[in-house]
Amino acid sequence: MSAASALSKSASKTVPESSTPAADSSTLPVGQHGIKEHSDGRFGYVPVQTRSGRFKSVNVADFEAVTGREAVWKHSPVAKFTDLTAGDLDGSRYAVESTPSADVSVEWVPRTDARIGTAGLPEERAAANAWSVFDEALAITVSGEEAKEITVTRSALGNSARGAHTIIEARPFSQATVILHNTGDARLSENVEIILGESANLTVVSLQEWDDSAVHLANHFASVGRDARLKHVVVSLGGSIVRVNPSVRLAGSGSDTLLLGLYFADAGQHLEQQVYVFHDAPKSRSRVNYKGALQGQDARTVWIGDVLIGHKAAGTDSYEQNRNLVLSAGTRADSIPNLEIETGDIVGAGHASATGRFDDEQLFYLQARGITEEEARRLVVRGFLTEVVQQIGSPELEARLQLAIEAELIGTDDK
């Protein structure tokens, strides 16, 4: 795909400078939605040309009120979480449980910590609201070259609106798996910063097993250093509205990322993920593979995949894909891959997206061998989702997820 054909469609309409009234910068946020101050003090509309050009700010007041018409919100049920985008959030410390692990520290640090803001900045109001209020950040710091695994669990956030901030740092040459396990009830907007030093090897798993009423809006920002490798996994099974948006910047030469996603939406459930990979260094590599299943009336999933290969990223190798399996009528899956290329010197780049129902031939094949239709359906779905589960790299977690998928499928048969 050429750079010209891959550019944002927001460039299709412009507003002439002469038709733009003068404005006070205190009431018109500079940079937001392409607004730019000219040398003579007037403001004009300059459309955002690329994914990396989106407005960013840690101050919630710099973002306009969310209406649902914005590109970043137009697929989300924004009326159901106005307390997280416009309300006052509780940014105090909350209870966490963590499994002990050598060379991994879990501690609360002040918002003046030098690492905060180094991996990325908010591009929308909910993230900025959370960033504006947190008192302390939960810092998970990994060191040591031996492989290790740690699970950090939150289960008692309650139903009041909260804002939170987490830092995960993998120091140079370290390797670990960090599992962020979310359970119980919550109304939470949060930012997670992931920082990989040179040659670090880190797996981060965000596991959503919330109660049915929970609302979770999360933005994960990752910066991957020279020859470092990040495996980022989003597993969303529970919750009413769950929106986890990972953004990965491949900042160092030879950096590598694998982004995996697994989700199963039931009746009335909204599961969303907006994925962004920015190749900002030469010889970087990325793979994105998200898979989901939907069943029940008004089950809804959204996947948006943006890949930007910057002008400095010679030798890039990138591919993203999303697959959705529809198990019943009344569901909706939105799948939107986007690719922008600013250099012609790449190894390869591509994307794919598909949404469909059961393969009748597969079902017929299984039923012809004496397997009931219900069990045949479970086998097909289990095989479809297992591809992602088996790439996580944590045997205990993989076994748990297989059981969780089986429980979802048994629930499907009961509905």
Side-chain angles (χ1 to χ4, degrees), residues 101-104 115 118-120 139-152 166-180 192-207 220-235 244-262 273 275-291 305-310 312-321 346-351 387-398:
S101 180
D103 296 324
V104 181
R115 293 170 291 184
T118 59
I140 304 168
T141 306
V142 176
S143 58
E145 297 184 24
E146 297 295 323
K148 75 279 295 181
E149 180 175 310
I150 182 171
T151 300
V152 178
T166 300
I167 306 166
I168 304 174
E169 180 190 10
R171 291 180 173 167
F173 302 97
S174 64
Q175 56 177 321
T177 296
V178 176
I179 301 170
L180 305 176
V192 178
E193 295 192 71
I194 304 168
I195 307 161
L196 275 71
E198 180 180 355
S199 297
N201 189 339
L202 179 67
T203 296
V204 175
V205 182
S206 180
L207 174 58
H220 291 205
F221 306 99
S223 177
V224 185
R226 180 182 179 90
D227 295 326
R229 184 176 191 273
L230 170 66
K231 183 189 296 184
H232 186 277
V233 187
V234 177
V235 180
V244 181
N245 297 342
S247 299
V248 178
R249 177 173 171 256
L250 296 169
S253 177
S255 52
D256 185 291
T257 189
L258 172 63
L259 281 74
L260 301 171
L262 169 67
Q273 37 270 309
V275 183
Y276 175 41
V277 179
F278 180 20
H279 289 265
D280 197 28
K283 298 180 181 179
S284 53
R285 180 180 185 273
S286 69
R287 291 292 184 270
V288 179
N289 187 14
Y290 271 61
K291 283 192 166 187
D306 289 320
V307 173
L308 170 60
I309 300 175
K312 296 185 293 184
T316 285
D317 183 9
S318 176
Y319 191 81
E320 64 170 346
Q321 67 173 355
I346 63 174
V347 174
H351 58 198
E387 178 195 359
V388 173
V389 174
Q390 291 178 338
Q391 295 183 72
I392 294 175
S394 170
E396 182 179 348
L397 178 57
E398 290 175 9

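It should be emphasised that the depicted structure is a prediction, and the values quoted were computed from it without experimental measurement.
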At their closest point, which heavy atom of [X] faces which heavy atom of [Y], and how far apart are they?
{"X": "Ser174", "Y": "Ala170", "answer": "OG-C, 3.5 Å"}
{"X": "Lys148", "Y": "Ser143", "answer": "NZ-O, 2.7 Å"}
{"X": "Gly144", "Y": "Asp103", "answer": "CA-OD2, 3.9 Å"}
{"X": "Glu145", "Y": "Phe173", "answer": "CG-O, 3.3 Å"}

As an exercise, state the distance from [atom1] of [X] to [atom2] of [Y], rounded to the nearest 0.5 Å.
{"X": "Gln175", "Y": "Ser199", "atom1": "CD", "atom2": "OG", "answer": "11.0 Å"}
{"X": "Lys312", "Y": "Ser253", "atom1": "NZ", "atom2": "OG", "answer": "11.5 Å"}
{"X": "Ile168", "Y": "Ile194", "atom1": "CD1", "atom2": "CD1", "answer": "5.0 Å"}
{"X": "Thr203", "Y": "Leu258", "atom1": "OG1", "atom2": "CG", "answer": "8.5 Å"}
{"X": "Leu260", "Y": "Lys291", "atom1": "CG", "atom2": "NZ", "answer": "11.0 Å"}
{"X": "Leu202", "Y": "Thr177", "atom1": "CG", "atom2": "OG1", "answer": "7.5 Å"}

Hey, is the main chain of [Y] close enough, under 3.5 Å, to the side chain of [X] for a donor-acceptor pair?
{"X": "Glu193", "Y": "Ala119", "result": "yes"}
{"X": "Lys231", "Y": "Gln391", "result": "yes"}
{"X": "Thr316", "Y": "Ile346", "result": "no"}

Stepwise side chain to side chain contact (heavy atoms under 4.5 Å, CB included) check, Val104 with Val178:
CA-CA 10 Å; Val104 181; Val178 176; 5.6 Å; no
With a cut-off of 3.5 Å and sequence neighbours excluded, list every side-chain donor-acceptor pair involving residues 275-285.
| from | atom 1 | to | atom 2 | distance (Å) |
| --- | --- | --- | --- | --- |
| His279 | ND1 | Ser284 | OG | 2.8 |
| His279 | NE2 | Ser286 | OG | 2.8 |
| Asp280 | OD2 | Arg249 | NE | 3.0 |
| Asp280 | OD2 | Arg249 | NH2 | 2.9 |
| Ser284 | OG | Ala281 | O | 3.0 |

Close side-chain approach of Leu259 and Pro246, heavy atoms under 4.5 Å
yes
State, with a plain yes or no, whether a side-chain heavy atom of Leu180 is found less than 4.5 Å away from one of Ile140.
yes
With side chain to side chain contact (heavy atoms under 4.5 Å, CB included) as the test, would you mind laying out the steps for Glu396 and Ile179 before giving the verdict?
CA-CA 12 Å; Glu396 182 179 348; Ile179 301 170; over 6 Å; no
